[in-house]
There are 2 protein chains.
Amino acid sequence: MQGRVEVSDDTLTARQKDVLDAALGLLVEGGDALTMTGVARRASCSKETLYKWFGDRDGLLTATVQWQASKVRVAPVTREGLNAKSLFTSLEGFARDWLTVLSGEISVTLNRIAITHAATGKSDLGAIVLTNGPFAMARRLKPVLEIGREAGLLSFKDTDEAFRTFFGLVVRDMQIRLLLGDRLELTEAAIARDAERATQQFFALYGATSETAAGKDAGGNTRKGIPHARLL
Amino acid sequence: MQGRVEVSDDTLTARQKDVLDAALGLLVEGGDALTMTGVARRASCSKETLYKWFGDRDGLLTATVQWQASKVRVAPVTREGLNAKSLFTSLEGFARDWLTVLSGEISVTLNRIAITHAATGKSDLGAIVLTNGPFAMARRLKPVLEIGREAGLLSFKDTDEAFRTFFGLVVRDMQIRLLLGDRLELTEAAIARDAERATQQFFALYGATSETAAGKDAGGNTRKGIPHARLL
DNA sequence: GCCGAACCGTAACGTACGGTACGGTAGAAA
DNA sequence: TTTCTACCGTACCGTACGTTACGGTTCGGC
């Protein structure tokens, strides 16, 4: 009867969440080959109920993506006690989390679904993933960057430009390769290494001074400092 | 009868190329909603001929992607007369070309198709696009980077790492946003600006000296030099 | 002119799947 | 107990589309 409401953590009954989790599982397993009959069987519910709750197949798909998106909770930014080292660590941790999420099966699957549907322009799955993906990343990261700038640790004119550069340094060609099916072994150690490298490079480009902030204080938390703007 | 051969410029008759171009046009217009009937009508050929030539729908899709890929010709790298300025210009032009291709409708469409099919694992469209996309970019760019290193203009240990960083600086979040349907107005001027910024940043990170190569000689071709590792 | 190959146009088949209808059941309300 | 609601399971319908089959046409070779 309802068929198309905003999906979030508390607008759904437990049973509905079960159904959406079943759909999510089928999506991850079988790609886009999701059938209403399959979901009904997996969730032990009737197709009639699916249509009553979600309207049609697109509604179910949309609700599933939103449901998964609503699961991702972001840690708030600590504004106090900021110095070069804590800023570096914060960005590095951010990069690590982001790479971990992006390389996960669920992220790859949902991005694929959304891209597939963005081609037809029918549903707005693309916009949803965009909102909960890159845009959410920007919303979360930009305050950190601006706080770093206010503290004199970073230097940039355009926050969006700085963010997008950080995005590029972190993600590089990883996501498109995963989406295209490249087998890309990503161990936790490799991700940590990538996150550190990306953060070092970002500081090399946007650090307020090329000697202190990025090099000595921040970069030297676990390993070598950054020799000017040269890495590796 | 044949149904599944390698598709390149000269293994196809002119008539077959016409058919593939028709398929390409339908793909760009209608996303993945490509039907055999539609291709036959658009190309004024019979479905029987389609099946005789390409085997099945996947074969047609694969041939179409390969056909488009075979159209992209890369300019050979000039090894002679290399200096910081020409290297900068070369990388910058490379970035501009790449951004222009990536933001084009055909690229977006084919990447979407390939990603869609990579989900099912059925056809190897993902591998094809991967080969003719990021991997081709790497094959083309890496020699340039290594020549630059041999000439003492660049400094890096791992060519692949340097390439992937360049990729990240150039593409950033542009491709994923386009794939997800984000309306992203990309004028020629904006692309040129992005290409220059990315190249400057790359030189800031990997230039052999942070003062001469990237800053004065190369970066100063049209606009301001690079103040150490700080941009903007 | 005749033949066969290649091809066009279209009709037809099979099937998978989205969507609907309906009978049956459990539980809460009255 | 009755009744209403929500749900399950399943059978069913309509359609879109991949795939095949077939009659008719063009064209190069002899």
Side-chain angles (χ1 to χ4, degrees), chain A residues 1-5 7 11-27 29-65 113 116-117 119-125, chain B residues 1-5 7 11-27 29-65 113 116-117 119-125:
Chain A
M1 194 65 72
Q2 51 188 45
R4 197 66 67 95
V5 287
V7 171
T11 58
L12 294 170
T13 69
R15 183 76 181 111
Q16 288 173 328
K17 292 176 186 175
D18 288 345
V19 170
L20 293 182
D21 278 328
L24 201 55
L26 282 178
L27 278 182
E29 291 172 23
D32 205 4
L34 179 85
T35 68
M36 301 299 277
T37 305
V39 175
R41 187 158 40 222
R42 170 75 68 103
S44 292
C45 72
S46 74
K47 284 167 69 173
E48 195 182 27
T49 302
L50 291 185
Y51 283 99
K52 179 162 28 172
W53 282 349
F54 306 107
D56 57 4
R57 185 175 181 274
D58 263 355
L60 173 62
L61 231 45
T62 304
T64 304
V65 173
I113 307 282
T116 299
H117 284 245
T120 75
K122 194 178 175 200
S123 58
D124 43 358
L125 281 184
Chain B
M1 196 64 74
Q2 49 188 44
R4 198 66 67 96
V5 286
V7 170
T11 59
L12 294 170
T13 69
R15 183 76 181 109
Q16 289 172 328
K17 292 176 188 176
D18 288 344
V19 170
L20 293 183
D21 278 330
L24 202 55
L26 282 178
L27 278 182
E29 291 171 22
D32 204 5
L34 180 87
T35 68
M36 301 299 277
T37 305
V39 175
R41 187 158 40 222
R42 170 75 68 104
S44 294
C45 74
S46 74
K47 293 209 280 184
E48 192 182 30
T49 302
L50 291 185
Y51 283 98
K52 177 158 38 167
W53 282 349
F54 305 108
D56 56 5
R57 186 174 180 275
D58 263 355
L60 173 62
L61 232 46
T62 303
T64 304
V65 172
I113 308 283
T116 299
H117 284 244
T120 75
K122 195 179 174 201
S123 59
D124 43 356
L125 282 183

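Computed from a predicted model, the values in this text were never measured in an experiment. The sequence lines fix the lettering, A, B, ..., with proteins before strands; numbering per chain opens at 1.
- Put simply, OG1 on B/Thr35 and CZ on B/Arg41 are 6.5 Å apart, with the number rounded to the nearest 0.5 Å.
- We find the SG-NZ distance between A/Cys45 and A/Lys52 to be 11.5 Å, quoted to the nearest 0.5 Å.
- Counting only heavy atoms from C-beta outward, the side chains of B/Leu61 and B/Val65 never approach each other to under 4.5 Å.
- Under the 4.5 Å side-chain criterion, counting only non-hydrogen atoms from C-beta, B/Leu20 is in contact with B/Leu60.
- Rounding to whole angstrom units, CG of residue B/Asp18 and P of C/dC8 are separated by 11 Å.
- For residues 37-49 of chain A, proximity to DNA chain D is found at A/Ser44, A/Cys45, A/Ser46, A/Glu48, A/Thr49, defined as any non-hydrogen atom under 4.0 angstrom from a strand atom.
- Distance, B/Phe54 CZ to D/dG18 P: 15 Å, rounded to whole Å.
- The nearest whole Å value for the distance from the CG atom in B/Leu26 to the P atom in D/dC17 is 13 Å.
- To the nearest 0.5 Å, atoms CD (A/Gln16) and OG1 (A/Thr49) are separated by 10.0 Å.
- Note that OG1 of B/Thr64 and CG of B/Leu34 are 7.0 Å apart. Values are rounded to the nearest 0.5 Å.
- Across all strands shown, A/Leu34 has heavy atoms under 4.0 Å from sugar-phosphate atoms exclusively, and none from any base.
- The distance from the OG1 atom of B/Thr13 to the CH2 atom of B/Trp53 is 5.0 Å, given to the nearest 0.5 Å.
- A straight line from CE of B/Met36 to C1' of C/dT10 spans 16 Å, rounded to a whole angstrom.
- Between the C1' atom of C/dG14 and the OH atom of B/Tyr51 lies a distance of 13 Å, rounded to the nearest Å.
- When rounded to the nearest whole Å, the span between NZ of B/Lys52 and P of C/dA5 equals 10 Å.
- OP1 or OP2 of D/dC7 has at least one side-chain nitrogen or oxygen of A/Trp53 nearer than 4.0 Å.
- Whole-Å rounding puts the B/Gln16 CD to C/dA6 C1' distance at 12 Å.
- Whole-Å rounding puts the A/Leu61 CG to C/dG18 C1' distance at 13 Å.
- Comparing atom distances between the B/Arg15 side chain and each of D/dT19, C/dG18, C/dC8 picks out C/dC8 as nearest.
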